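Numbering of ligands and ligand atoms starts at 1, following listing order. Predicted, not measured: the structure shown is a model, and the values here were computed from it.
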Amino acid sequence: MKKVLQNIKTLAGKEKLLAVLIDPDKMQLKVLSQFIDKVNASRATHIFVGGSNVEEEITQTLVEALRPLTSLPIILFPGDVTQISKGADAILFLSLLSGRNPSYLIGKHIEAVSRIRETCLEVIPTGYILIEGGKETAVQKVTQTTPISRKNNQLVVDTAKAGELLGMRLVYLEAGSGAKEPVPLEMISFVKTELSIPLIVGGGIRSKKQLEEAYEAGADLVVIGTAFEEDETFFEALKE
Ligand code: 1GP
């Protein structure tokens, strides 16, 4: 059943949604089960799977291993078409609206269609907007695009709104994995005020305080990867 987006829309504004991001390139299968036990016992509501530099087939293997371990929705957040895998619940069909690289605006999407056709994935069109996070991030290198300045609220608001008007169902404000600074709170607020679709925020969030501040500013769903990868006691720290 295609229900992931509907579920996010229903819960947005009522519950604080949290996705744990698993990068198939960094997660070792032998520790997956004990990692997912912690995810299952945490406040996480979703699992995202994806990365900027992942060898072919690794994502499929990870998703297959993950599926029996959790009842949380598994959502592909692919850095490349080779990460499109069977067995996940949904895929964020990302268009990198902050950049002007045609491959990431439409090219990769066309390549993706034949792979998506072979799956039962719920496809969720998502406007993906990269914001300066204090260092050059993997997504910036891979996509060869320039993030939008942290100070340019208006450009980010207009970019997000353009995504909504083009029919995107979600907007994702991304500071980049391991960013020094997360997306500015003021920027989240401005974008949230303009949008009538759910807002995802991620990149560089490493503390409970930063997480709560992102929700207060207007994030409907927050994505955290690096903080869990580096220190699994972060799951405990997030407990309310
Ligand atoms: C990256 O937004 C996600 O695409 C999560 O970022 O790894 O910094 O938590 P972190």
Side-chain angles (χ1 to χ4, degrees), residues 8 16-27 35 38-39 42-54 59 62 72-80 83 88 90-99 104 108 124 126-148 150 156 160 163 170-185 187-188 191 198-215 217-235 237-238:
I8 291 174
K16 297 166 176 176
L17 305 175
L18 173 65
V20 175
L21 173 63
I22 300 178
D23 184 338
D25 188 47
K26 294 181 184 152
M27 174 58 68
F35 183 82
K38 288 188 178 144
V39 175
S42 77
R43 60 190 275 188
T45 55
H46 295 78
I47 295 175
F48 280 13
V49 175
S52 294
N53 299 294
V54 182
T59 310
L62 179 78
L72 294 176
I74 300 171
I75 303 178
L76 299 176
F77 170 48
D80 193 75
Q83 293 173 36
I91 178 170
L92 299 184
F93 204 51
L94 302 164
S95 194
L96 183 58
L97 302 178
S98 52
Y104 291 91
K108 297 271 182 187
I124 308 177
T126 302
Y128 190 48
I129 303 176
L130 190 56
I131 315 294
E132 252 177 22
K135 71 173 209 190
E136 194 187 20
T137 54
V139 58
Q140 196 178 333
K141 281 187 211 156
V142 170
T143 63
Q144 298 187 315
T145 64
T146 310
I148 299 179
R150 302 176 63 75
V156 175
L170 299 172
V171 162
Y172 190 146
L173 297 183
E174 169 74 279
S177 188
K180 275 193 186 158
E181 296 171 287
V183 176
L185 298 173
M187 186 178 275
I188 297 173
V191 171
L199 179 61
I200 303 177
V201 174
I205 293 175
R206 292 167 183 276
S207 69
K208 187 173 182 206
K209 179 168 179 281
Q210 286 175 320
L211 176 66
E212 295 303 340
E213 285 173 347
Y215 290 129
D220 295 304
L221 188 156
V222 174
V223 185
I224 300 180
T226 305
F228 293 121
E229 274 165 24
E230 290 180 352
D231 180 6
E232 289 182 20
T233 64
F234 190 51
F235 285 111
L238 286 187

Checklist entry - Nearest to atom 7 (O) of ligand 1, what protein heavy atom do you find, and at what distance? => result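 That would be Thr226 OG1, 2.5 Å.
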By number and element, which atoms of ligand 1 are closer than 4.0 Å to a non-hydrogen atom of [X]?
| X | result |
| --- | --- |
| Gly203 | 2 (O), 3 (C), 5 (C), 6 (O), 8 (O) |
| Glu174 | 1 (C), 2 (O), 3 (C), 4 (O) |
| Ile224 | 9 (O) |
| Ser177 | 1 (C), 6 (O), 7 (O), 8 (O), 10 (P) |

Checklist entry - Of the choices Phe77, Phe48, Tyr172, Tyr128, which has the non-hydrogen atom that lies closest to atom 3 (C) of ligand 1? => result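 The residue whose heavy atom sits nearest atom 3 (C) of ligand 1 is Tyr172.
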Checklist entry - Is Glu229 touching ligand 1 with its side chain, its backbone, both, or neither, if touching means heavy atoms under 4.0 Å apart? => result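 It is neither part, as no heavy atom is under 4.0 Å.
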Next on the checklist: Applying a heavy-atom cut-off of 4.0 Å, say which part of Leu21 lies close to ligand 1: side chain, backbone, both or neither.
Outcome noted: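 The side chain, only.
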Looking at side-chain heavy atoms only, is the closest gap between [X] and [Y] below 4.5 Å?
| X | Y | result |
| --- | --- | --- |
| Ser98 | Ile129 | yes |
| Tyr215 | Leu18 | yes |
| Pro24 | Val49 | yes |

Checklist entry - Is there any N or O on Gly225 that sits under 3.5 Å from an N or O of ligand 1? => result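 Yes; the residue has a nitrogen or oxygen that sits under 3.5 Å from a nitrogen or oxygen of the ligand.
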Item to check | Under 3.5 Å: N/O of Gly178 near N/O of ligand 1 | outcome: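 It does: an N or O of Gly178 is found under 3.5 Å from an N or O of ligand 1.
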Item to check | CD (Glu136) with more than 12 external heavy atoms under 6.0 Å | outcome: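 Atom CD in Glu136 is crowded, with more than 12 foreign heavy atoms closer than 6.0 Å.
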Next on the checklist: Determine whether a donor-acceptor pair (N or O, by modelled atom type, separation under 3.5 Å) exists between the side chain of Thr233 and the backbone of Asp231.
Outcome noted: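 Side chain of Thr233 to backbone of Asp231: no pair is present.
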Item to check | Check: Arg150 side chain, Glu132 main-chain N or O, donor-acceptor pair, under 3.5 Å | outcome: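 Side chain of Arg150 to backbone of Glu132, a donor-acceptor pair under 3.5 Å: yes, one is there.
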Item to check | Phe77/Tyr172 aromatic ring centres below 6.0 Å | outcome: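 Between Phe77 and Tyr172, the centre distance is under 6.0 Å.
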